[in-house]
Amino acid sequence: MSSLSAYFSQYKANPKNEILAGLTTALALVPEVVAFALLAHISPLVGIGSAFVICLITSVFGGRPGMISGAAGSVAVVIVALVEQHGAEYLFLAVALMGLIQIAIGLLKLGKFIRLVPQPVVYGFVNGLAVIIFMAQLEQFKVRDAAGAEHWLTGNALLLMAGLVALTMAIVYFLPRLTKAVPASLVAIVVTSALVIFGGLQTKAVGDIASIAGGLPSLHLPQVPFTWATLALVLPYAFIMALVGLTESLLTLTVVDEMTDTRGRGNQDCVAQGLANVASGLTGGMGGCAMIGQTMVNLESRGRGRLSGVVAAVALALFVVVGAPVIERLPLAALVGVMFMVVIGTFEWASLRILRRMPLTDVLVMLLVTFVTAISQNLALAVLLGVVVSALAFAWENAKRIRARHHLDAAGVKHYEIYGPLFFGSVQAFGEKFDVARDPAEVIIDFRDSRVADMSAIDALHKLTERYHRAGKTLRLRHLSPDCRQLLSNAGALIDVNVEEDPQYAVVGEERAY
């Protein structure tokens, strides 16, 4: 009962702020999801329907209250080839499979591995997404001619668009200094829209992108042959979409945790994202994930609980069913202005201020992730590259840390005291520390201040033992930690090393041995 009470309490805190934040977020969602749907070569209504389903389910069941999910561009980029070559029905099956994969990842509690993502990678991810959001808004400064070709706005049309965008940004920036009773983004959208509609100003509106009038999503099983060939076709897309979606969702969750000084549940969010995508696929929708831009709009509008996400989803449904004539008249300049402010708030400006104080490797990793994210829009690839480069840099630095100090005892036995980890990166330097030809008949390697970390380290010890054996000398290992001894024991059939048994001393009153 206490857990249920805690859950429902997430709907009760600051209902006015939550409702207004949800409405503001819904308005910011419309042009984004329509643009992403067009990018994926599917109907804009499919994009809005998907956003409704995904936003509602993740808001109710997700592991991060306040985080907004929808039909995201990062997933849309992945599915373009599938839709172009095989049609939307194959997409719907891929989205459902994507959701099942995400549910499995959450149930297996693999979401915790997001903790392995270094801070420079998070900086690069956030900065790259800020660049993507900014570039997406520039598309609204283009118009199509009678032949369908796109051209940049010029003359008075450009000046009007830029002026309205600047007005919106000014309201978003200055209004919170006067009052925080209502979200500044919502006020900015209402004021700019009223100025355009009642002032008879001719500028681009939401309806110029596509009509959003229609109905709610309904059950729609993918109309494809359910064969092994179909599964083999869509499964690679589903797997990539699942990884891209969870990467963006979990990293967005991490960013929101830092902003709100709270902690979300990554594995729970993986399951919720999966449930949402299964539902989206079975209602004829596209895949989605957390959307950092709309999440920032929600947070800046003081949406912190689950109610804001539910309101955003319900508002999207109302826009489609009854509010399309009004929503289609909203000037794009108002929504672009809000999103420009989101870009400014999303970009990690602190990462630029500390560039000179960051290690060169971290700077390069951050720039790599930023550029790969911005250029390819493949978030999973960008983050994977950042993690791999960071791991290799870490391995290189630790490989240089292995040292050996040696001395002869009274019995003529030579002792090598090893400092630093012995792993794949340091095995070569480790092997160069020993003088097999000149060493005495008995040699002891002391691992009190070192660790045998992996199979490469075990193989290095095996080869070193063989070198001493061929020279007619004895090599023993001393002061191995219990986990290192277990590692060597497990590899006993593959290697031949002489581990010296260390005494264990029982402590009075304790049941464990030391």
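In this text the structure is predicted, and so the values were computed from the model without any measurement.
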Next on the checklist: Test side chain to side chain contact (heavy atoms under 4.5 Å, CB included) on Gln273 and Glu248; report intermediate values, then the result.
Outcome noted: CA-CA 11 Å; Gln273 295 287 342; Glu248 181 165 2; over 6 Å; no
Checklist entry - Would you say Thr179's side chain and Ala181's backbone share a donor-acceptor pair under 3.5 angstrom? => result yes
Checklist entry - Are Thr24 and Ser185 linked by a side-chain donor-acceptor pair shorter than 3.5 Å? => result no
Next on the checklist: Is it the case that the side chain of Gln268 and the backbone of Gly62 share a donor-acceptor pair, with hydrogens and angles ignored and the cut-off at 3.5 Å?
Outcome noted: yes
Item to check | side chain to side chain contact (heavy atoms under 4.5 Å, CB included), paired with Val383, selected from Leu243, Val244, Leu251 | outcome: Leu251
Checklist entry - Should Leu195 and Leu164 count as side-chain neighbours, where that means a heavy-atom distance under 4.5 Å? => result yes
Checklist entry - Quick one: does Ser280's side chain have a donor or acceptor within less than 3.5 Å of a partner on Ala276's backbone? => result no
Checklist entry - Hey, is CD on Gln202 packed in by over 12 heavy atoms from elsewhere, all under 6.0 Å? => result no
Next on the checklist: Applying the side chain to side chain contact (heavy atoms under 4.5 Å, CB included) criterion to Thr252, which one of Val256, Thr254, Val255, Leu250 satisfies it?
Outcome noted: Val256
Checklist entry - Taking side chain as C-beta onward, heavy atoms only, is Arg306 less than 4.5 Å from Val60? => result no
Checklist entry - Side chains of Ser301 and Leu186: closer than 4.5 Å at any heavy-atom pair? => result no
Checklist entry - Has the side chain of Asp269 got a donor or acceptor atom that lies under 3.5 Å from a matching backbone atom of Ser249? => result no
Checklist entry - CD of Gln140 to CG of Asp208: how many Å apart, nearest 0.5 Å? => result 10.0 Å
Checklist entry - Okay, side chain of Glu89, backbone of Pro222: is any donor-acceptor separation there less than 3.5 Å? => result no
Checklist entry - Below 4.5 Å, heavy atoms only, C-beta onward: do Leu231 and Leu97 meet side chain to side chain? => result yes
Item to check | Heavy-atom side-chain proximity of Leu233 to His86 below 4.5 angstrom | outcome: yes
Checklist entry - How long is the span from the CD1 atom in Ile292 to the CG atom in Leu129, to the nearest 0.5 Å? => result 5.5 Å
Checklist entry - Within the distance-only criterion (no hydrogens, no angle test), does the side chain of Asn127 pair as donor or acceptor with the backbone N or O of Glu348 below 3.5 angstrom? => result yes
Next on the checklist: One pair to check against side chain to side chain contact (heavy atoms under 4.5 Å, CB included): Met286 and Val75. What are the steps and the verdict?
Outcome noted: CA-CA 9 Å; Met286 59 188 289; Val75 178; over 6 Å; no
Checklist entry - Taking C-beta and beyond as the side chain, do Val80 and Glu84 meet within less than 4.5 Å on heavy atoms? => result yes
Next on the checklist: Strictly distance-based, threshold 3.5 Å: is any side-chain N or O of Asn267 a donor or acceptor partner for the main-chain N or O of Gly111?
Outcome noted: yes
Item to check | Distance in Å, Trp152 CH2 paired with Glu139 CD, rounded so as to fall on 0.5 Å steps | outcome: 6.5 Å
Item to check | Donor-acceptor pair, side chain of Glu328 and main chain of Ile212, under 3.5 angstrom | outcome: yes
Next on the checklist: Just checking Lys109: does its NZ atom have more than 12 heavy atoms from other residues, nucleotides or ligands closer to it than 6.0 angstrom?
Outcome noted: no
Item to check | Pairwise distance NZ(Lys204) to CG(Leu153) - rounded to 0.5 angstrom | outcome: 6.5 Å
Next on the checklist: Parallel, tilted or perpendicular: which one describes the rings of Phe141 and Phe340, with boundaries at 30° and 60°?
Outcome noted: parallel
Item to check | Interatomic spacing from CG in Leu201 to OG in Ser193 - rounded to 0.5 Å | outcome: 11.5 Å
Checklist entry - Would a 4.5 Å heavy-atom cut-off, applied to side chains only, mark Pro15 and Leu307 as touching? => result yes
Checklist entry - Will you find, in the side chains of Arg64 and Thr262, an N or O donor that is under 3.5 Å from an N or O acceptor? => result yes
Checklist entry - Can you tell me how far CD1 of Ile54 sits from OG of Ser69, rounded to the nearest 0.5 angstrom? => result 7.5 Å
Item to check | Check: Asn298 side chain, Gly66 main-chain N or O, donor-acceptor pair, under 3.5 Å | outcome: yes
